[in-house]
There are 2 protein chains.
Amino acid sequence: MTMDFSRDKPIYSQLVDRICGDILRGKLLLGDRLPSVREYAVETGVNVNTVQRVYKELEAMNITETKRGQGTFITTNEERIELLREDMKNQLAANFLTSIEALGFSKEEMLVVLKNKA
Amino acid sequence: MTMDFSRDKPIYSQLVDRICGDILRGKLLLGDRLPSVREYAVETGVNVNTVQRVYKELEAMNITETKRGQGTFITTNEERIELLREDMKNQLAANFLTSIEALGFSKEEMLVVLKNKA
DNA sequence: CATAGTGTACTATGTGACTAGTACACTATG
DNA sequence: CATAGTGTACTAGTCACATAGTACACTATG
């Protein structure tokens with residue numbers, strides 16, 4: 001596979017985003033088992049430790065549970081996923097607004113641009 | 001002064017953003033002279049070399065012109081500034097949309113959140 | 001012409017984030 | 001109990017960033 005990653009953001013972070021996205025999109029279901037760290041490392045073309053960091057991060061966010069010798073699984077706590085969804089939305093929006101502010105744009109101005117974009 | 005900087009982004013980059021913002025906000029006018037590298041370094045509490053990188057970056061973006069022995073000035077090319085404004089807006093929007101996509105949100109969904117935020 | 005104030009260039013150093021390689025610990029399975 | 005497949009811990013190397021110090025080139029000013 002050997003995914004292509006953006007260079008302005010750590011690989012592990014992009015993978016976390018991707019997995020979160022897959023969960024939110026329903027491509028990964030509650031209780032699903034993720035690929036093993038080695039397997040996923042080969043799939044994405046990165047190092048095992050990078051994948052481990054991804055899984056570690058996900059577990060710290062309480063959206064996965066890992067069992068030694070068995071694997072890493074998406075939490076079955078649906079409430080947690082819903083919360084995650086809200087959190088990410090809010091954080092995304094907040095970061096966006098911060099950037100807007102720093103560069104001197106108004107929210108209304110940006111909303112117009114967004115509407116007209118693909 | 002000793003500004004406080006976010007840790008998730010290089011200082012020099014944040015300073016570039018800040019200056020661009022000041023220009024777009026009209027706090028810095030066309031033809032205005034920026035503080036000297038040494039002066040600005042003291043103001044912001046960073047190293048001279050960091051400021052130089054900021055000024056270098058700004059010049060590479062064609063939004064400042066530097067004259068040896070005199071200082072660094074905002075370009076008088078109004079068209080360039082307008083272009084800058086459009087570029088930054090578009091890039092900001094594009095990045096936002098990319099993040100949205102990666103995390104599995106829809107544009108419409110996010111627009112609602114943005115509208116309801118401060 | 002001397003001086004002080006500009007930007008610029010260069011080398012060196014320290015630090016932290018990121019990634020990689022390797023070895024270890026645990027668990028299921030036969 | 002042996003083996004293969006899990007996650008995990010540790011060490012090391014690379015790179016960007018920020019800093020520090022020094023020296024140089026140019027310009028205005030007196």
Interatomic distance where [atom1] belongs to [X] and [atom2] belongs to [N] [whole Å]:
X       : N      : atom1 : atom2 : value
A:Asn47 : D:dT8  : CG    : P     : 15 Å
B:Glu59 : C:dT6  : CD    : P     : 17 Å
B:Leu58 : C:dT8  : CG    : P     : 11 Å
B:Glu65 : D:dT27 : CD    : P     : 15 Å
B:Leu15 : D:dC17 : CG    : P     : 14 Å
A:Glu57 : D:dT8  : CD    : P     : 13 Å
B:Gln14 : D:dC17 : CD    : P     : 12 Å
A:Tyr55 : C:dT19 : OH    : P     : 15 Å

(request) Give A:Glu39 one of three labels, base, sugar-phosphate or nothing, depending on what nucleic acid heavy atoms sit under 4.0 Å from its own. (result)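 If one applies the 4.0 Å heavy-atom cut-off, A:Glu39 turns out to touch the sugar-phosphate alone, with no base involved.
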
(message) Mind checking if A:Val48 touches a base, just sugar-phosphate, or nothing, with heavy atoms under 4.0 Å?
(response)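 Answer is nothing: A:Val48 stays at 4.0 Å or more from every strand.
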
(request) Output yes when a side-chain donor or acceptor of A:Glu57 lies under 3.5 Å from a complementary backbone atom of A:Ser13, and no otherwise. (result) no

(message) Show every side-chain hydrogen bond (donor to acceptor under 3.5 Å, both in side chains) that has at least one partner inside residues 19-42 of chain A, sequence neighbours left out.
(response)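 Output for this query lists A:Asp22-A:Arg25.
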
Restricting to nitrogen or oxygen on both sides, can you table the protein-nucleotides 16-18 of chain C pairs closer than 3.5 Å?
residue : atom : partner : partner atom : Å
C:dC18  : OP2  : A:Tyr12 : OH           : 3.4

Once side chain to side chain contact (heavy atoms under 4.5 Å, CB included) is applied, do any residues pair with [X], and if so which ones, sequence neighbours excluded?
X        : answer
A:Asn90  : B:Val113, B:Lys117
B:Val37  : B:Val48, B:Val51, B:Tyr55
B:Glu101 : none

Ignoring backbone atoms, establish whether [X] has a side-chain N or O less than 4.0 Å from OP1 or OP2 of [N].
X       : N      : value
A:Thr72 : D:dG7  : yes
B:Ser36 : C:dT6  : yes
A:Thr66 : D:dT6  : no
B:Thr50 : D:dT19 : yes
A:Gln70 : C:dA28 : yes

Would you tabulate the nitrogen or oxygen pairs shorter than 3.5 Å linking the protein to nucleotides 9-12 of chain C?
residue : atom : partner : partner atom : Å
C:dC10  : N4   : B:Asn49 : OD1          : 3.3

(message) Checking contacts here: which listed nucleotide (D:dT8, C:dT6, C:dG21) is nearest the side-chain heavy atoms of B:Arg38?
(response)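 Side chain of B:Arg38 sits closest to C:dT6.
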
(message) Heavy atoms from C-beta onward define the side chain here; which of C:dT6, C:dT8, D:dT6 lies closest to that of B:Arg33?
(response) C:dT6

(request) Just jot down the salt bridge (charged side-chain N to carboxylate O under 4.0 Å, His left out) partners of B:Glu109, sequence neighbours excluded, or say none. (result) A:Arg85, A:Lys89

(message) For DNA chain D, please output the secondary structure as dot-bracket, reading 5' to 3'. Pairs are Watson-Crick or G-U wobble, both atom distances under 3.5 Å; mark crossing pairs with [ ], other-strand partners with |, unpaired with a dot.
(response) ||||||||||||||||||||||||||||||

(request) Return each pair, listed once, that meets ring pair (Phe, Tyr, Trp, His ring centres under 6.0 Å) where at least one residue sits in residues 13-36 of chain B; pairs must be two or more places apart or across chains. (result) none

(request) Using ring-ring contact (aromatic ring centres under 6.0 Å, His included) as the criterion, list what pairs up with B:Phe96, not counting sequence neighbours. (result) A:Phe96

(request) Not counting sequence neighbours, list each pair that qualifies as a salt bridge (charged side-chain N to carboxylate O under 4.0 Å, His left out) and has a residue in residues 68-78 of chain A. (result) none

(request) Check whether any side-chain heavy atom of B:Leu58 sits under 4.5 Å from a side-chain heavy atom of B:Thr72, and report yes or no. (result) no

(request) Please name all residues satisfying side chain to side chain donor-acceptor pair (under 3.5 Å) with B:Lys9, sequence neighbours left out, ordered by chain then number. (result) B:Asp17

(request) Check whether more than 12 heavy atoms from other residues, nucleotides or ligands sit under 6.0 Å from atom CD of B:Glu59, and answer yes or no. (result)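 It does: B:Glu59 CD has more than 12 such atoms within range.
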
